[in-house]
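Every heavy atom of this structure was used, including side-chain atoms; hydrogens, water molecules and symmetry mates were not. Start at 1 with the first residue, then count along the sequence. These numbers come from a predicted model, not from an experiment.
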Amino acid sequence: MACVSTPSSTPTRIIVEGCNDTGESPNNSPNGKALSNCSSVESTEMKSIESELSGCDSGVDSSSTKSVDLLMEKTAAIESITANSEAELVAKLELQNRLLEADTKSMKSLTDSTRSSRRGSNSSLRSTGSVQSNMSNTNASSGGEMDINELWVTWGKIVNDWEEYSRKKPKQLKELVKAGIPHHFRGIVWQLLCGAYGSSLRDRYAEYLKQTSPHEKLIRRDIARTYPEHAFFKEKDGPGQETLFNVMKAYSLHDREVGYCQGSAFIVGLLLMQMPEEEAFCVLVKLMQEYRLRELFKPSMAELGLCMYQLESMVQELLPDLYTHFITQGFHTSMYASHWFLTLFSVCFSIPLSCRVMDLFIQDGMETIFRIGMAILQMHHDELLAMDMEEMLKFLQKTVPLKHSQDHDILINSASLVKYNAKKMKRLEKDYLAFKSKETEEQVEMRRLRTETRLLRQRIDILEKENITLADKLIQDQLTRAQEAEDSYQVKQELHYTKQQEQETLDKLDSAQIVIKDLKEKVRFLHVLVF
């Protein structure tokens with residue numbers, strides 16, 4: 001009797017690239033090859049049938065009637081089992097084949113990136129523990145209804161037929177993203193969610209790397225401060241720091257108005273943990289252009305002011321007593337929330353939780369940051385009310401990230417329950433822009449008045465200088481006149497003295513003439529006497 005054949009004589013295994021125990025991708029393993037100790041999907045039914053077939057073969061080789069009878073009984077049992085489970089096995093094998101196709105699609109960019117000799121194979125390093133975190137979070141959120149195998153099969157189908165799935169089942173997709181994207185699929189799903197998959201910017205990225213950016217010195221200085229404890233980025237001038245520098249440099253050349261802003265390095269670092277640098281650059285451009293990040297990182301940072309205004313309004317509406325406490329303590333929104341928006345929480349949360357936040361951000365946009373920020377304030381409302389400004393700042397920067405480092409779902413689920421009114425946020429944006437417009441008009445008027453004042457002051461300075469010059473000249477003229485008057489007085493005195501001397505001389509001359517006349521008369525009288 002012939003034994004029943006099976007669709008495959010070898011148990012089907014799906015090797016998951018990029019999820020070894022150390023959190024490194026295969027390209028980052030010491031031997032540069034895929035690791036065989038990854039998570040796998042194995043059909044238990046196939047193993048059972050295979051073992052039965054082995055027994056079947058051994059029975060055929062036996063010559064005893066008892067063995068033949070035993071063989072027939074086993075064969076009948078196998079036929080019964082096969083008849084009941086053959087359809088299910090075929091269906092599972094088909095799904096597993098689709099998953100393998102999805103794996104091929106998701107790893108295509110990783111395979112291309114390994115051809116770059118400068119970067120080597122380290123550009124797709126993954127964060128340790130994020131695989132286990134995402135799997136456990138997804139199981140918990142689905143109430144145990146979807147196991148790991150089914151989850152991977154589902155995501156494989158989604159990636160393999162993204163446009164169809166995202167168009168027909170957006171709510172289911174949103175729930176899956178909320179539950180956490182499996183680590184192996186995260187890089188490609190992020191690209192698909194933001195529309196960066198297959199972007200033509202990859203070619204431009206290669207050109208940017210050949211150019212020189214005016215921000216290179218500043219980027220080099222800040223790279224060491226980006227994820228300094230992470231294995232991929234901690235080595236000075238290592239592959240992690242080099243790829244981070246490349247992406248930041250390329251974007252500073254791609255968008256010269258924004259150039260380089262320090263907070264963006266943490267976002268880029270998070271992207272580089274999931275995908276090669278070319279793909280990270282394409283995703284960064286999408287996030288900047290379509291997720292309001294570009295306005296955040298402009299030199300004016302006008303969008304950051306808007307976000308602070310909107311968040312403060314939400315706190316005032318939803319947590320009025322906490323808002324009053326903040327005002328009383330002088331605890332301004334920008335003091336604790338600016339880095340939430342500039343780094344998308346990546347600077348304060350653990351990497352697995354930061355990835356969960358990025359999952360939601362790429363799906364829902366800036367709304368995610370508002371929701372998570374408000375969830376933090378709501379969950380720690382009572383604790384914050386009992387603190388002063390310095391304690392609140394330290395609590396939000398140090399204590400809160402530690403409290404949420406383990407169970408991510410509590411924060412994510414709390415954020416989903418936050419009352420977020422998109423229409424009201426739009427109205428707040430209009431109010432803020434109107435206020436800023438009025439403020440701008442006032443500033444323009446103030447600048448005009450200041451300009452006029454400056455010109456008047458310059459004119460006054462000129463007039464004062466002229467006045468000083470004229471005063472100096474007047475004084476000099478007065479001094480000259482005084483000197484002339486004094487000289488004239490002296491001349492008059494000398495003239496008067498000279499006239500006096502002249503009069504005295506005339507008087508003496510008259511006296512002398514009288515004497516001479518008397519002498520002449522005496523001489524004449526003597527002469528008469530003599531003759």
Side-chain angles (χ1 to χ4, degrees), residues 212-218 220-222 252 256-262 297-302 304-306 308-309 327-332 334-335 338 389-390 432-531:
T212 301
S213 170
H215 303 280
E216 288 187 12
K217 197 171 185 180
L218 187 59
R220 287 285 186 195
R221 186 195 68 185
D222 290 339
S252 69
R256 295 181 181 272
E257 183 180 3
V258 172
Y260 166 70
C261 185
Q262 184 179 4
F297 291 118
K298 279 185 177 180
S300 63
M301 288 190 169
L304 181 61
L306 171 60
M308 296 297 100
Y309 177 76
I327 295 298
T328 303
Q329 293 293 327
F331 195 46
H332 302 292
S334 59
M335 295 175 65
S338 58
M389 184 184 69
E390 293 183 359
Y432 179 81
L433 294 177
F435 170 76
K436 279 296 180 181
S437 177
K438 183 178 180 180
E439 188 180 61
T440 302
E441 291 176 0
E442 293 176 352
Q443 289 177 350
V444 170
E445 181 65 17
M446 287 295 295
R447 282 197 295 268
R448 186 184 67 81
L449 293 174
R450 286 173 182 169
T451 301
E452 291 182 358
T453 302
R454 186 176 68 255
L455 294 174
L456 288 173
R457 284 179 178 174
Q458 291 177 353
R459 181 60 178 166
I460 290 171
D461 291 341
I462 293 173
L463 292 175
E464 287 180 349
K465 289 179 180 179
E466 291 179 355
N467 184 41
I468 292 173
T469 302
L470 291 174
D472 290 341
K473 186 177 180 181
L474 178 61
I475 293 172
Q476 189 65 34
D477 290 344
Q478 289 177 347
L479 290 174
T480 302
R481 289 177 183 178
Q483 185 66 37
E484 290 176 351
E486 185 177 353
D487 293 343
S488 176
Y489 177 76
Q490 290 179 355
V491 170
K492 287 179 180 180
Q493 290 291 331
E494 291 177 358
L495 180 59
H496 178 70
Y497 178 72
T498 302
K499 286 182 178 181
Q500 285 182 347
Q501 287 182 338
E502 182 184 7
Q503 186 64 38
E504 290 176 355
T505 303
L506 290 174
D507 292 341
K508 288 180 180 181
L509 181 58
D510 291 341
S511 298
Q513 288 178 350
I514 292 172
V515 171
I516 290 171
K517 185 177 179 181
D518 290 342
L519 289 173
K520 284 182 178 180
E521 288 179 354
K522 287 180 179 181
V523 170
R524 190 167 52 253
F525 178 72
L526 289 175
H527 187 270
V528 171
L529 290 178
V530 172
F531 294 100

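One distance of note links CD of Q501 with NZ of K508; it measures 9.5 Å at 0.5 Å rounding. Between the CG atom of N467 and the CD1 atom of I462 there is a distance of 13.5 Å, given to the nearest 0.5 Å. The structure places CD of Q476 at 5.0 Å from OG1 of T480, a figure rounded to the nearest 0.5 Å. In this structure, CZ in R481 is found 8.0 Å from CG in L474, a value given to the nearest 0.5 Å. Between the CG atom in L506 and the NZ atom in K499 there is a gap of 12.5 Å [rounded to 0.5 Å]. Here the straight-line distance linking atom NE2 of H332 with atom CE of M389 works out to 8.5 Å at 0.5 Å rounding.
Counting non-hydrogen atoms of neighbouring residues, nucleotides and ligands closer than 6.0 angstrom, the CZ atom of R221 exceeds 12 such neighbours. Counted within 6.0 Å of CD on E390, heavy atoms from surrounding residues, nucleotides or ligands total 12 or fewer; the atom is thus considered open. Heavy-atom contacts from other residues, nucleotides or ligands closer than 6.0 Å to CZ of R448 number more than 12.
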Practice problem: Please assess I468 against K465 for the test side chain to side chain contact (heavy atoms under 4.5 Å, CB included), listing each intermediate value before the final yes or no. | Solution: CA-CA 5 Å; I468 292 173; K465 289 179 180 179; 5.6 Å; no
Quiz prompt | Pair Q503-D507, side-chain hydrogen bond (donor to acceptor under 3.5 Å, both in side chains): steps then yes or no | solution = CA-CA 6 Å; Q503 186 64 38; D507 292 341; 3.2 Å; yes
Exercise. Let me see the working for E521 and K517 under side chain to side chain contact (heavy atoms under 4.5 Å, CB included), right down to the final yes or no.
Key: CA-CA 6 Å; E521 288 179 354; K517 185 177 179 181; 3.9 Å; yes
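Using modelled atom types, one side-chain atom of E216 and one backbone atom of S213 make a donor-acceptor pair closer than 3.5 Å. Proximity of a side-chain donor or acceptor of S437 to a complementary backbone N or O of L433 within less than 3.5 Å is not detected.
Defined by atom type and a distance below 3.5 Å, a donor-acceptor pair is missing between the side-chain atoms of Y497 and Q493. Residues D487 and Q483 bring a donor and an acceptor atom of their side chains to less than 3.5 Å of each other.
Residue pairs meeting the ring pair (Phe, Tyr, Trp, His ring centres under 6.0 Å) criterion with at least one member in residues 432-464, sequence neighbours excluded: Y309-Y432.
Partner Q500 forms a side-chain hydrogen bond (donor to acceptor under 3.5 Å, both in side chains) with one of E502, E504, H496 and no other, that one being H496.
A 4.5 Å side-chain heavy-atom check between S338 and M301 finds every atom pair outside the cut-off. Taking 4.5 Å as the limit, some side-chain heavy atom of R454 sits within range of a side-chain heavy atom of Q458.
Shown here for E257 and P299, the closest heavy-atom pair between the two residues is O-CD, 3.5 Å. In plain terms, the two heavy atoms of S252 and H215 that are nearest each other are CB-CD2, 3.8 Å.
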